[in-house]
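So the structure is just underneath, and the comments pick up after that.
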2 protein chains.
Amino acid sequence: MSANLIIDSITRHVQLSADEQAHFLSLLKSKTYRRKQFILQDGQVCKYSTFVTAGCLRGFTVDQNGFEHVLNFAPVGWWIADMYSLLTQKPGILNIESLEDTEVLLLSKHDQEKLYHEIPKFERFFRIITENSLVSFQQRLIDNLSLTAEERYHNFCRRYPTLIYTLPKKQIASYIGVTPEFYSRMQHKMLLKDKK
Amino acid sequence: MSANLIIDSITRHVQLSADEQAHFLSLLKSKTYRRKQFILQDGQVCKYSTFVTAGCLRGFTVDQNGFEHVLNFAPVGWWIADMYSLLTQKPGILNIESLEDTEVLLLSKHDQEKLYHEIPKFERFFRIITENSLVSFQQRLIDNLSLTAEERYHNFCRRYPTLIYTLPKKQIASYIGVTPEFYSRMQHKMLLKDKK
DNA sequence: GTAAGTTCTTGACCTACATTAAGTTTTGAC
DNA sequence: GTCAAAACTTAATGTAGGTCAAGAACTTAC
């Protein structure tokens, strides 16, 4: 059940007493979304950190030509938010949308800040996952600067072995930074290679 | 003087007593580097968070073809480290090098962790700057996916107005993700445009 | 079950940027 | 002040990946 999932994911990094766990859980609101619903739209202020307990979300931006670019996926067990907007409480540029029917737990910015003061271990937990997130975005930036589309595809497969089967191909294409057309060609080419 | 600089940069985010300031300063080692010296080489384990008090550092990776890619610059008042290596204490992939004669203050990983336990405000401070860093890397990734080289150049000018004048052009080219040759033509083209 | 939307594929053509090469200017060490 | 190395520029040519268009294969809604 979803309370276990989120507590487990936290206690992998910091230890919590039963009281602390209960207090934390009491702050969460649960919510469900149908496939293709928007959790957040650009221009809105992001008010929650969102933890996915079932389904999958995607964060993406829309550029001046109307093209979408996937910043991140949030499958079960992951947190997602428009960090810029959440931190500054100004209108953001990120859209967050469900790729399947999805269940989430919401932690408001206000409660999150309060939690940091009441129980510093939660500040530690969020520091740690922010650090890990930073490392993976740095790596992804370097990959985009130094690898070919095909190499980025292989990295994606290694890092998200389950998502490869469940996500629509155009979403993966957008994540690694190519058009669906080129992605399709690339897969065809790789298939030929593998046969040899 | 450099102690003021680092204390100011922290107290912009959290308040510190005179004792706390003194304790923090007692943990720092200061060090100077000549232009083009290596502070860290790929394959080494990163043991320090580095704060720049004079000069400028650059963090970069070298790809399989021997090309360098600038991950970040650290001018005066900025922190730099190989975050992946610092967190995991495994060999990293980042090189950190001085672009000019540079003075830094070093905080060892061990002392930083201890500080988090002794004075939680320091954990808050590093959480906040890590969050800000995450936001700016996310933005840079989106820029790389959705903007042309010329637009990325303009972003760079807006975000680092001082660095544009002090950094070698090839370093800026590498940061925005183009070759020095293309960067040179781009500038030429933009000059022609401006004259009209 | 069928119509309408998505998603995926394939082909012809295009472009932003890379590569190679050669020359020029700037910097730095003695 | 001079020589060597590094940084920068310019030009010719190459290519990874984009664009446009049209059809095929799935999904979804009623």
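What you are looking at is a predicted structure, and each value in this text was computed from that prediction instead of being measured. Numbered from 1 within each chain, the chains take letters A, B, ... in sequence-line order.
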In whole angstrom, what separates A/Lys36's NZ from D/dA29's C1'?
13 Å
Kindly point out which of C/dC17, D/dG17, C/dT6 is positioned nearest to the side chain of A/Thr148?
D/dG17
When rounded to whole Å, the CG to C1' distance for the pair A/Leu147 and D/dA16 reads 14 Å
Phosphate OP1/OP2 of C/dG28 contacted by B/Arg35 side-chain N/O (<4.0 Å):
yes
Can you check the A/Gln187 CD to D/dG17 C1' distance for me, whole Å?
16 Å
Quick check for you: among D/dT10, D/dG18, D/dA21, whose closest atom lies nearest to any side-chain atom of A/Glu181?
D/dA21
Report the distance from atom NZ of B/Lys170 to atom C1' of C/dT26, rounded to the nearest whole Å.
14 Å
For the pair B/Ser17 (side chain) and B/Glu20 (backbone), establish whether a donor and an acceptor sit closer than 3.5 Å, ignoring hydrogens and angles.
yes
Any sub-3.5 Å donor-acceptor pair from A/Thr102's side-chain atoms to A/Gly55's backbone N or O?
no
Check whether any side-chain nitrogen or oxygen of A/Lys169 sits under 4.0 Å from OP1 or OP2 of C/dC8, and answer yes or no.
no
A/Arg185 CZ to C/dG11 P: how many Å, rounded?
8 Å
Selected nucleotide, minimal atom distance to B/His188 side chain, candidates D/dG18, D/dA6, D/dT10:
D/dT10
Counting only side-chain heavy atoms from C-beta out, which of D/dA11, C/dC8, D/dT19 sits nearest to A/Phe67?
D/dT19
Counting the atoms with a prime plus P, OP1 and OP2 as sugar-phosphate, which does A/Arg34 contact under 4.0 Å by heavy atoms, base, sugar-phosphate, or nothing?
nothing
Counting just side-chain N and O atoms, does B/Arg152 come under 4.0 Å of either OP1 or OP2 of C/dC17?
yes
A/Glu150 CD to D/dA16 C1', in whole Å, measures 11 Å
Show which side-chain atoms of residues 27-39 of chain A pair as donor or acceptor with protein atoms under 3.5 Å away, not counting sequence neighbours.
{"from": "A/Lys29", "atom 1": "NZ", "to": "A/Tyr48", "atom 2": "OH", "distance (Å)": "3.1"}
{"from": "A/Arg35", "atom 1": "NE", "to": "A/Leu99", "atom 2": "O", "distance (Å)": "3.4"}
{"from": "A/Gln37", "atom 1": "OE1", "to": "A/Arg34", "atom 2": "N", "distance (Å)": "2.6"}

For C/dA16, does OP1 or OP2 lie under 4.0 Å from any side-chain N or O of B/Lys189?
no
What's the CD-P distance between A/Glu68 and D/dG18, to the nearest Å?
16 Å
Aromatic contact, B/Phe73 with B/Tyr160 (centres under 6.0 Å):
no
Report yes or no: does B/Gln171 contribute a side-chain atom to a donor-acceptor pair with the main-chain N or O of B/Pro168 at less than 3.5 Å?
no
How many whole angstroms separate atom CG of A/Asn65 from atom C1' of D/dC20?
15 Å
Taking 4.0 Å as the cut-off, does a side-chain nitrogen or oxygen of A/Thr179 come that near to OP1 or OP2 on D/dG18?
yes
